[in-house]
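Input: a single structure, listed below in structure tokens.
This one's a predicted model, so the numbers in the text were calculated from it and none came from an experiment. Residue numbering restarts at 1 for every chain, and letters A, B, ... go by the order of the sequence lines.
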There are 2 protein chains.
Amino acid sequence: MNLKELANLLGLSQTTVSRALNDYPEVNEATRKRVVEAARANNYSPNNRAKGLATGRSMAIGHVIPISTQHEIVNPIFADFIAGAGQVYSANNHDMLLSMVPDLEEEATYRNMAARRSVDGVIVHGPRAHDPRISLLDELGLPFVVHGRAGQNESDYNWVDVNNSRSFQRATNFLFDLGHRRIALVNGLEDMDFARRRREGYVEALRDHGLAPDPAIMRSSEMTEEYGWKAARSMLASTNPPTAFVVSSMLTAIGVRRAIGDIGQRMGRDISVIIHDDVLSYLRNGDDIPIFTAVRSSVHHAGRLCAEMLLDIIQGHTPPPRNLLLESELVVGGSTGPLRA
Amino acid sequence: MNLKELANLLGLSQTTVSRALNDYPEVNEATRKRVVEAARANNYSPNNRAKGLATGRSMAIGHVIPISTQHEIVNPIFADFIAGAGQVYSANNHDMLLSMVPDLEEEATYRNMAARRSVDGVIVHGPRAHDPRISLLDELGLPFVVHGRAGQNESDYNWVDVNNSRSFQRATNFLFDLGHRRIALVNGLEDMDFARRRREGYVEALRDHGLAPDPAIMRSSEMTEEYGWKAARSMLASTNPPTAFVVSSMLTAIGVRRAIGDIGQRMGRDISVIIHDDVLSYLRNGDDIPIFTAVRSSVHHAGRLCAEMLLDIIQGHTPPPRNLLLESELVVGGSTGPLRA
DNA sequence: AGGCATAACCAAAGCGCTTTGGATAACATG
DNA sequence: CATGTTATCCAAAGCGCTTTGGTTATGCCT
């Protein structure tokens, strides 16, 4: 069933039917009701592409998820982020176009999206410390919101980010307050912007306590369980082992916990661990009391916020650039305790 | 830059330019070359929607990912599945349209996709034991491939699935071979088709060894770490505790491992664990020797296969229905060992 | 009564592409 | 030479919608 058929069926013109369905004022209320009912009864829904052609808008948002070429890894937070964003799109009749591309092919993907006009805007995932994508998108004139920040000119583009440095500074300070002095950092890949900021926060806290950062207890890699295990194992086996860990993700922390168990120690009693918790749906940090002490910030929520911001910008409600800095909360779980003498 | 402009620029008709770019035979080779070069030079790419309108095809595939309403959980395997499928789409110039919807609203989503003709076909995720979606999609006339199977009329629709029952039968037998007799099952939600089949395989193996299934050591729930921990903890604390576990996912098994550690035992020495491993990119089962003994089958690969099958069907190459049953491999890691006397 | 808003509707153009149904010139055929 | 053939190109219709620029009643005002 298309517009023309529906219009004929009702004995009305396509114009009127179209207007009735799109809530234009110049149509009689009784007529509108009749049209809307007929549309429902006949299961009519406007053809997406035709609508897009006519309006020049695609009613779709693009998400370009980079796949790390070196490791072929998809960042596990992205599923929950997408779920959050998706809810907002559904509520606003937008589609979500997903491209997972090796990070080297990202530029081509964005150019393609712009040229074919297949989306009205995009969300940029996983910004690096210096990210060429933001100037590219500016050049292409494609509206976008970055989940995170890239180092350059923070106020020139739209982003939603967690205050990562502050977050890790607090986490580190929390361990100092418990008496720890030898605190290790198990970070994500530091060419990523978020990881760089997290290290800054950690280092800042060390400085505040008169300590210089020690490369021997600072690691950085893709955040897998295996990595957490290896990093913790080697540090724990060293001559001057840490008594506490600040860990960038729950998955990595699970590896750290395994390494602690392997040497017969107990997390929370012998060795403390504090993590960043993205509140992933399938990796909850305990449902009554938290397993890990954590600074937490829901990535699902971030997804919602990014989507809302982008739609807002596309609809021209608010003039860009828009920025949103979220603070994380510190929740205390069973993985931390006072330094044992 | 659109077709008309490009045509004017070249002093050719739109027809000829369009044909040149789409590899039609009735255009001079020299002309084609000229057109293709001009297109590249001017950064021309056909407008997606216009093309779709004209051809009646959208060059897009829909993925409808159900979000469990009870638990608000996104199945963590889906990211890797999508990554696999996405590669195939990119290679074939198709877009991927993603909808994450609460499982109750799925029907509406499919109807909507069909009515608006926004996709050429869909992939069905997470089939239940009896799933209404397959008859719905048949009725809507939307081509589809199911990742997994639903109980009904298996040969009437297209699917790609792992041989889950056989897989779990082998896993259980492996534990029997090591001398275990008290073997627990930590399964996924049994209204899902895959979980039901896995239990069948497990029960089959028990029967083969003259044992009746014992509900006291069989659990079923959403596959989280927390669930694995709780399930194992309670079973291990019972009067007749299991000496081995068959676990439906790596994440859940990580919880089982935690519970084993909590009571001062060691996985692989005191208690054996065998898992199903989906080979998730961010949750690798060790990179040299496997952490867990596992029956494994890459969900990334399944994504590729589903996508290829669907495109093939849409292009009319092969008459449906098509089915593909994958066998998993059994890899031996450090989580299993002979029954201790 | 004439003039003028206003409400309610419609015909047709246009969005950017593909495709149908020619047109033209060059060339071969009988 | 008249007639097919073939190679190469083109004008225009059509995909299903929105939107521009009307038209036709109807009611109100002076």
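Ring centroid separation for the pair A:F194 and A:H147 does not come in under the 6.0 Å cut-off.
Distance NZ (A:K33) to P (C:dA8): 14 Å, rounded to an integer number of Å. Atom CZ in B:R116 sits about 16 Å away from atom P in D:dG16, given to the nearest Å. The CZ atom of B:R49 sits 15 Å away from the P atom of D:dC17 (whole-angstrom rounding). Rounded to an integer number of Å, the gap from CG of B:L10 to C1' of D:dC9 is 14 Å. Rounded to whole angstrom, the span from the CG atom of B:D23 across to the P atom of D:dT8 amounts to 15 Å. Between the CD atom of B:Q14 and the P atom of D:dG14 there is a distance of 16 Å, rounded to whole Å. Following rounding to the nearest Å, B:L6 (CG) and C:dT18 (C1') show an atom-to-atom distance of 15 Å. One interatomic measurement links the two molecules: CZ of A:R57 to P of D:dC17, which rounds to 18 Å at whole-angstrom precision.
Remark: A:N158 CG to A:I313 CD1 distance equals 3.5 Å, nearest 0.5 Å. Taking CZ of B:F144 as the reference point, atom CG of B:L137 lies at 5.0 Å (rounded to 0.5 Å). Rounding to the nearest 0.5 Å gives a distance of 12.5 Å between CG of A:L305 and CG of A:L310.
In terms of phosphate contacts, B:N47 brings no side-chain nitrogen or oxygen within less than 4.0 Å of OP1 or OP2 of C:dC17. Residue A:N22 has a polar side-chain atom (N or O) positioned under 4.0 Å from OP1 or OP2 of D:dT18. Between B:S18 and C:dT18 there is a side-chain N or O to OP1 or OP2 distance below 4.0 Å. A sub-4.0 Å separation between OP1 or OP2 of C:dC17 and a side-chain N or O of B:Y44 is present. For B:K51, a side-chain nitrogen or oxygen approaches OP1 or OP2 of C:dT18 to under 4.0 Å. Here A:T31 does not reach the OP1 or OP2 of C:dA8: none of its side-chain N or O atoms lies under 4.0 Å away.
No donor-acceptor contact under 3.5 Å links the side chain of B:T55 to the base of C:dT19. With hydrogens and angles left out, the side chain of A:T16 and the base of C:dA8 share no donor-acceptor pair within 3.5 Å. Residue side chain B:T15 reaches the base of D:dA11 through a donor-acceptor N/O pair under 3.5 Å, judged by distance alone.
Between A:E26 and B:S13, it is B:S13 whose nearest contact on DNA chain D lies nearer the 5' terminus. Both B:Y24 and B:L53 lie near DNA chain C, and the one whose nearest nucleotide falls closer to the 5' end is B:L53.
Evaluated for a ring-ring contact (aromatic ring centres under 6.0 Å, His included) with A:F81, the options A:H300, A:H301, A:H125 yield exactly one hit, A:H125.
Side chain to side chain, B:T16 and B:S13 meet the donor-acceptor criterion of an N or O pair below 3.5 Å.
Of the candidate nucleotides D:dA11, C:dC17, C:dG14, C:dG14 has the atom nearest to the side chain of A:A54. Of the candidates C:dC17, D:dG16, C:dC9, the closest approach to any side-chain atom of A:V27 belongs to C:dC9. For B:N2, the side-chain atoms get nearest to C:dC17 when compared with the rest of D:dT8, D:dC17, C:dC17.
Counting non-hydrogen atoms under 4.0 angstrom, A:R19 reaches a base of the nucleic acid.
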